Amino acid sequence: MTLHLYNTLTRRKEPFRPLDPDHVRMYVCGPTVYDHAHIGNARPVVVFDVLSRLLRHLYPPPAKVTYVRNITDVDDKIIAKAREKGEDVSTITERTTRMFHQDMAALGALPPDIEPRATGHIPQMIEMIGTLIGGGHAYEADGHVMFSVPSMPGYGRLSKLNRDELVAGARVEVAPYKKDPADFVLWKPSAADQPGWESPWGRGRPGWHLECSAMSKQYLGDTFDIHGGGQDLIFPHHENEIAQSRCANHTGLMASTWVHNGYLMAEGEKMSKSLGNFYTVSDLLAEFPGEAVRLMLLKTHYRQPLDFTRKGVAEAKKDLDRFYGALRAVKEVGASKERLKVKMFDGSTSFPVQVSLEDDLNTPRALSHLHVKLGVLNRADTPEIKLFEKEGLLAAGDLLGLLQQDPEDWFRWQPAGASAIDESEIDSRIADRKRAKAEKDFATADRIRDELEAEGILLEDKPGGVTDWRRK
C-alpha cells in the first residue's frame with residue numbers, strides 16, 4: 001500500500017509522492033519556549049514523531065528523510081514572561097527549551113534531525129524581507145515592515161476563508177500604518193529593553209510567521225514535501241508562511257502536503273487553568289509514565305478532536321501493563337528485532353500496523369492490530385513461535401514509538417516523590433516468602449504477599465518457582 005495523507009491544501013486524502021524520492025523533507029512548527037509544555041503542545045510532537053518513524057521505514061537508506069522542527073525563541077509572549085519573572089529572555093528560553101526536550105523525550109518522541117532556533121537565523125530573515133520589498137510584496141511603514149496581502153494571488157487558499165474572514169482573522173493588532181487590513185508584520189521595532197537586531201529598517205525583531213519561512217528555506221529548500229502543525233496554525237500562521245515563501249522564492253507552492261492535527265480538549269472542556277483541567281506534560285509525568293500519555297494521545301485519530309482525560313491515561317497504563325506483562329513472560333526467548341524489521345518492512349509483506357499507518361496515520365486501527373498481535377503472543381506455545389511473535393510485536397510497537405522499554409523497567413516505575421519500598425527490600429521479602437513456602441509455612445508466605453500488596457507491590461508466581469513483581 002502507498003502512504004496516503006490528508007492534505008489540508010486540497011481538502012482530500014492523497015497518495016504521498018515526494019518531490020525527490022531519494023530525499024523526503026518535512027517541516028513542523030515547534031514550540032514557543034516561555035513556559036512548561038502542556039498536553040496540547042505534546043499532541044503534534046507525538047503525531048509527527050509517528051509520521052517521521054513511518055517515513056523512515058518507507059524510505060530507508062540510501063534514501064534520506066530530513067525532519068525539521070523549529071524553536072521559537074523570540075516572541076512577545078517570551079518578552080512578557082521575562083518581565084514577569086524578572087529574568088533575561090535568554091534565561092527563560094534556555095530553561096524552557098531544556099524542559100521541553102526532557103518532556104518530549106519522556107513521551108518517546110525522537111529528536112528531529114534539525115532543530116533550528118529563530119534567533120540563530122536573523123540574517124536569513126532580513127534577507128527574505130529585502131527580497132519581498134524588492135518584489136513589491138512588502139513595504140516599510142512607521143518602523144515596521146508589512147507584507148502586502150493584495151500582492152499575493154491566491155492568498156487564503158489553505159484556510160479557504162473569504163475576504164471578510166481573512167480581514168477579521170488578521171485583526172490581532174489594529175494599526176493605522178497598514179495599507180490593507182489583512183497585511184501582517186514581517187519586522188517590528190524593538191524598545192531598548194527588548195531583544196532586537198540591527199536591520200535596514202532599524203533595530204527590531206522578526207514577525208513570528210517570517211521565522212518559519214526563513215528556517216524551512218534554509219534547511220529544506222524553496223519547496224519541500226510536508227509541512228505540519230496544529231489545526232490552530234492554519235490561519236493566520238501557515239497561510240502567511242505560504243504567502244511569504246512563495247513570493248520570496250518565486251514558486252507555485254511552499255510545501256506539497258499540509259498535515260494538521262485536530263484540537264485538544266481536557267476533561268470535556270476547553271483546557272483552562274481556571275477550570276483546573278490545564279495539564280502540563282511535566283505535571284502528568286509526575287503521575288503517569290510518559291508512554292501511557294503517548295498511548296492515550298494515539299488512541300484518537302490525529303485529525304479528530306481529542307478529549308484528554310486523566311482516566312484515559314490511567315486506562316492506557318493498564319493497556320501497557322498487559323503488553324509489557326506478555327513481553328516479560330517471554331523474556332527468556334532471544335530477540336533480534338532488527339532482523340525481523342527488515343523482513344516485515346521490505347515491501348513484500350502486508351503488515352497490518354504499517355498498512356493502517358499508511359492510511360493517513362490511522363493510529364486507532366494500528367493499535368487494534370497491536371492488540372491482536374498481543375493475543376497471538378499470549379497463545380504462542382513453542383519457543384520459535386514465541387520468538388517470532390515477540391519480535392513482531394516489538395517491530396510493530398517501534399513504528400508507534402511504543403513497547404521499547406525493558407519490561408522490568410516498566411513495572412518498576414513509580415510516580416515522582418512516591419515513598420515506596422525500595423527494590424532491595426522487595427527482593428529480600430520475596431526471598432523470605434520463598435523460604436516460607438519451601439517450609440510449607442503458607443500463612444507466613446501469604447502474609448508477606450499481602451503486606452507487599454498493601455505497599456503497592458503485586459507478586460506474580462511463575463512456573464519453576466520464579467516470582468516476578470510489579471508496582472500497581
Side-chain angles (χ1 to χ4, degrees), residues 1 3-6 13 39 42-58 104 106-110 228 259 261-265 284 288-330 337 340-341 344-345 349-380 388-405 407 410-411 413:
M1 181 177 176
L3 172 61
H4 285 70
L5 294 171
Y6 183 85
K13 192 158 53 175
I39 196 63
R43 189 182 192 191
V45 171
V46 171
V47 166
F48 291 102
D49 180 65
V50 172
L51 179 54
S52 70
R53 289 169 182 266
L54 178 62
L55 289 171
R56 294 181 203 285
H57 280 299
L58 298 178
M104 297 309 111
L107 298 185
L110 301 173
V259 180
N261 63 272
Y263 292 111
L264 184 139
M265 306 282 283
L284 290 167
F288 302 102
E291 193 169 341
V293 178
R294 181 186 183 95
L295 176 56
M296 201 275 180
L297 291 171
L298 294 178
K299 285 187 173 185
T300 299
H301 189 275
Y302 80 93
R303 284 196 288 115
Q304 298 302 313
L306 186 152
D307 185 13
F308 188 90
T309 65
R310 273 195 161 87
K311 180 181 177 182
V313 185
E315 290 172 351
K317 183 183 181 303
K318 290 179 181 178
D319 287 344
L320 289 166
D321 284 344
R322 289 190 284 273
F323 279 104
Y324 278 112
L327 291 170
R328 180 192 240 182
V330 294
K337 183 176 65 174
L340 191 74
K341 282 168 64 179
M344 286 186 146
F345 296 110
T349 306
S350 176
F351 182 45
V353 171
Q354 177 179 330
V355 170
S356 298
L357 295 179
E358 287 177 346
D359 182 14
D360 194 30
L361 295 186
N362 194 329
T363 55
R365 191 194 307 157
L367 289 169
S368 71
H369 287 301
L370 207 65
H371 280 277
V372 171
K373 295 190 72 63
L374 172 64
V376 174
L377 175 60
N378 284 330
R379 293 190 296 273
F388 182 84
E389 296 302 337
K390 173 184 177 180
E391 291 184 327
L393 185 62
L394 290 173
D398 184 56
L399 270 180
L400 292 159
L402 299 171
L403 308 181
Q404 305 307 297
Q405 298 184 50
W410 171 261
F411 286 119
W413 177 89

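We count residues from 1, following the sequence as given. Predicted model only: the values in this text are computed from it and were never measured.
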Kindly compute the distance separating [atom1] ([X]) from [atom2] ([Y]), expressed to the nearest 0.5 Å.
X: Leu357; Y: Leu58; atom1: CG; atom2: CG; answer: 9.0 Å
X: Phe308; Y: Leu297; atom1: CZ; atom2: CG; answer: 6.0 Å
X: Leu400; Y: Leu295; atom1: CG; atom2: CG; answer: 9.0 Å
X: Glu391; Y: Glu389; atom1: CD; atom2: CD; answer: 10.0 Å
X: Lys373; Y: Ser368; atom1: NZ; atom2: OG; answer: 12.0 Å
X: Gln405; Y: Leu327; atom1: CD; atom2: CG; answer: 11.0 Å

Keeping [X] on the side-chain end and [Y] on the backbone end, is there a donor-acceptor pair under 3.5 Å?
X: Asp360; Y: Tyr6; result: yes
X: Arg294; Y: Leu107; result: yes
X: Arg53; Y: Leu399; result: no
X: Gln404; Y: Leu394; result: yes

- Message: Under the side chain to side chain contact (heavy atoms under 4.5 Å, CB included) test against Arg43, which residue among Val45, Val46, Val47 passes?
- Response: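 In the set Val45, Val46, Val47, the residue that makes a side chain to side chain contact (heavy atoms under 4.5 Å, CB included) with Arg43 is Val47.
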
- Task: From the options Leu264, Asn261, Leu306, select the one residue that forms a side chain to side chain contact (heavy atoms under 4.5 Å, CB included) with Thr300.
- Result: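 Single pass found, and it is Leu306.
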
- Message: Is it true that Gln304 and Tyr263 share a donor-acceptor pair across their side chains at a distance under 3.5 Å?
- Response: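 The criterion, which ignores hydrogens and geometry beyond distance, is not satisfied for Gln304 and Tyr263.
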
- Item | Heavy-atom side-chain proximity of Val293 to Ile39 below 4.5 angstrom |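 When only atoms from C-beta onward are counted, Ile39 and Val293 do touch, with a gap below 4.5 Å.
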
- Is the shortest heavy-atom distance from the side chain of Tyr302 to the side chain of Leu51 under 4.5 Å?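 Tyr302 does not reach Leu51 side chain to side chain.
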
Closest approach of [X] and [Y], non-hydrogen atoms and distance?
X: Leu403; Y: Phe323; value: CD2-CB, 3.5 Å
X: Leu374; Y: Ala326; value: CD1-CB, 3.4 Å
X: Gly312; Y: Thr309; value: N-OG1, 2.9 Å
X: Val353; Y: Ala366; value: CG2-O, 3.7 Å
X: Pro289; Y: Trp410; value: CB-CZ3, 3.6 Å

- Just do the side chain to side chain contact (heavy atoms under 4.5 Å, CB included) check on Leu3 and Asp359 with the steps written out, would you? CA-CA 6 Å; Leu3 172 61; Asp359 182 14; over 6 Å; no

- Message: Is it the case that the ring center of Phe351 lies less than 6.0 angstrom away from the ring center of His369?
- Response: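 Ring centroids of His369 and Phe351 are no less than 6.0 Å from each other.
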
- Task: Name all residues meeting the salt bridge (charged side-chain N to carboxylate O under 4.0 Å, His left out) criterion together with Asp307; count only those two or more places apart in sequence or in a different chain, and write none if there are none.
- Result: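 None.
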
- Task: Not counting sequence neighbours, which residues clear salt bridge (charged side-chain N to carboxylate O under 4.0 Å, His left out) with Asp319? List them please.
- Result: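 With neighbours one apart ignored, the set is Lys299, Arg322.
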
- Task: Decide side chain to side chain contact (heavy atoms under 4.5 Å, CB included) for Phe288 and Arg310; before the verdict, give the C-alpha distance in whole Å, the side-chain angles of both, and the deciding distance to 0.1 Å.
- Result: CA-CA 9 Å; Phe288 302 102; Arg310 273 195 161 87; 4.2 Å; yes

- Message: Ring-plane angle category for Phe411 and Tyr324, please: parallel below 30°, perpendicular beyond 60°, tilted otherwise.
- Response: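 Aromatic pair Phe411/Tyr324 classed perpendicular.
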
